[in-house]
Amino acid sequence: MAAQSQPTSEQLLERILSSLSDDKAEDVVQIDLRGKTSIGDYMVLASGRSTRQVAAMSEKLMDRLKQEFRISCKVEGKDAGDWVLIDTGDVIVHLFRPEVREFYQLEKMWMPAGAESAPAAPAAED
């Protein structure tokens, strides 16, 4: 088998968005962080309807990234399922229950001033 190179942040973002779409994530938003911070290139925020769905989405996302890109993600909050943070290195993913997302309002903190919280572009189909 040929050695697999690290995915670009755009490839990683596309796979994350595809995974969240497959798992019926709601209100998916992507934020471009390039040039704004060194924590990553993109941030993705999404909601699940329950703690069970949030935990399942995070588990499946981490499994898919590990299988496809050999990436081991850092994860926080999966056991509680209210707010799960997945750090892939280049893309930071926040999965919330709707009430928790509304309380913290991360979009307001990271979106450019005056920008609307636009939904993430749908993943391209192969």
Side-chain angles (χ1 to χ4, degrees):
M1 239 165 57
Q4 186 172 354
S5 62
Q6 284 293 104
T8 65
S9 56
E10 288 76 18
Q11 290 170 322
L12 201 52
L13 175 65
E14 184 178 314
R15 185 59 184 113
I16 289 166
L17 295 174
S18 173
S19 178
L20 294 175
S21 176
D22 290 348
D23 294 335
K24 309 291 188 249
E26 298 177 349
D27 302 321
V28 180
V29 173
Q30 73 183 50
I31 301 171
D32 189 341
L33 298 176
R34 294 172 294 179
K36 297 178 185 135
T37 180
S38 62
I39 65 168
D41 291 339
Y42 297 97
M43 182 179 294
V44 175
L45 296 97
S47 297
R49 291 179 299 280
S50 66
T51 56
R52 180 176 281 176
Q53 184 188 16
V54 170
M57 285 190 306
S58 66
E59 189 68 37
K60 286 183 178 180
L61 176 59
M62 290 186 304
D63 288 345
R64 289 169 178 148
L65 294 176
K66 187 170 189 164
Q67 285 212 332
E68 293 177 32
F69 298 124
R70 306 242 189 287
I71 293 175
S72 293
C73 305
K74 297 178 187 127
V75 63
E76 295 289 335
K78 187 172 70 77
D79 293 336
D82 287 331
W83 175 3
V84 180
L85 177 126
I86 302 169
D87 184 352
T88 70
D90 291 334
V91 182
I92 311 297
V93 181
H94 296 273
L95 304 175
F96 298 95
R97 279 189 314 103
E99 305 81 33
V100 177
R101 183 174 181 174
E102 178 63 29
F103 180 79
Y104 287 101
Q105 298 184 4
L106 289 184
E107 287 98 328
K108 286 187 178 181
M109 186 184 315
W110 287 100
M111 295 294 287
E116 286 292 316
S117 178
E125 295 200 17
D126 295 321

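When all heavy atoms of G89 and D87 are compared, the pair lying nearest together is N-OD1, 2.8 Å. Contact between L12 and P7 at its shortest, heavy atoms only, is CD1-CG, 4.3 Å. Across all non-hydrogen atoms, the minimal contact from G48 to P98 is O-CD, 3.0 Å. The minimum heavy-atom distance linking G77 with V84 is given by the pair O-CG2, 3.6 Å. Considering every non-hydrogen atom in both F96 and V54, the closest pair reads O-CG2, 3.5 Å.
Among residues two or more places apart in sequence or in another chain, the side-chain contact (heavy atoms from CB on, under 4.5 Å) test is passed with D63 by E59. Considering only residues two or more places apart in sequence or on other chains, R64 meets the salt bridge (charged side-chain N to carboxylate O under 4.0 Å, His left out) condition with D23. Scored by the side-chain contact (heavy atoms from CB on, under 4.5 Å) test, S9 finds D41, Y42, D90 as partners (sequence neighbours excluded). A search for side-chain contact (heavy atoms from CB on, under 4.5 Å) contacts involving S72 returns K66, not counting sequence neighbours. For D82, the salt bridge (charged side-chain N to carboxylate O under 4.0 Å, His left out) partners are R97, not counting sequence neighbours. By the side chain to side chain donor-acceptor pair (under 3.5 Å) test, D27 is found to be paired with no residue, residues two or more places apart in sequence or in another chain being considered. For the salt bridge (charged side-chain N to carboxylate O under 4.0 Å, His left out) test, residues two or more places apart in sequence or in another chain that qualify with D32 are R34. Take F103 and apply the ring-ring contact (aromatic ring centres under 6.0 Å, His included) test, not counting sequence neighbours, and it matches no residue.
Two residues are said to be in side-chain contact when any heavy atoms from C-beta on lie closer than 4.5 Å; Q6 and R70 fail this criterion. The closest side-chain heavy-atom distance from V28 to L45 is not below 4.5 Å. Residues V75 and L85 have side chains not in contact (no heavy-atom distance under 4.5 Å, counting atoms from C-beta outward). With contacts defined as side-chain heavy-atom distances shorter than 4.5 Å, the pair L61/C73 does not qualify. At least one side-chain heavy atom of L65 sits under 4.5 Å from a side-chain heavy atom of T88.
Considering Q67, K78, M57, K74 as possible partners of M62, the one that fulfils the side chain to side chain contact (heavy atoms under 4.5 Å, CB included) test is K78. When I92, I16, V91, L95 are each tested for a side chain to side chain contact (heavy atoms under 4.5 Å, CB included) with I86, only one passes: L95.
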- Would you check, one step at a time, whether the test side chain to side chain contact (heavy atoms under 4.5 Å, CB included) holds for R101 with H94? CA-CA 9 Å; R101 183 174 181 174; H94 296 273; over 6 Å; no
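The backbone N or O of E99 sits nowhere less than 3.5 Å from a side-chain atom of E102 that would complete a donor-acceptor pair.
Within a 6.0 Å radius of CD in E10, more than 12 heavy atoms belonging to other residues, nucleotides or ligands are found.
Contacts classified as salt bridge (charged side-chain N to carboxylate O under 4.0 Å, His left out) and involving residues 43-55 (residues at least two apart or in different chains) are given here: E26-R49.
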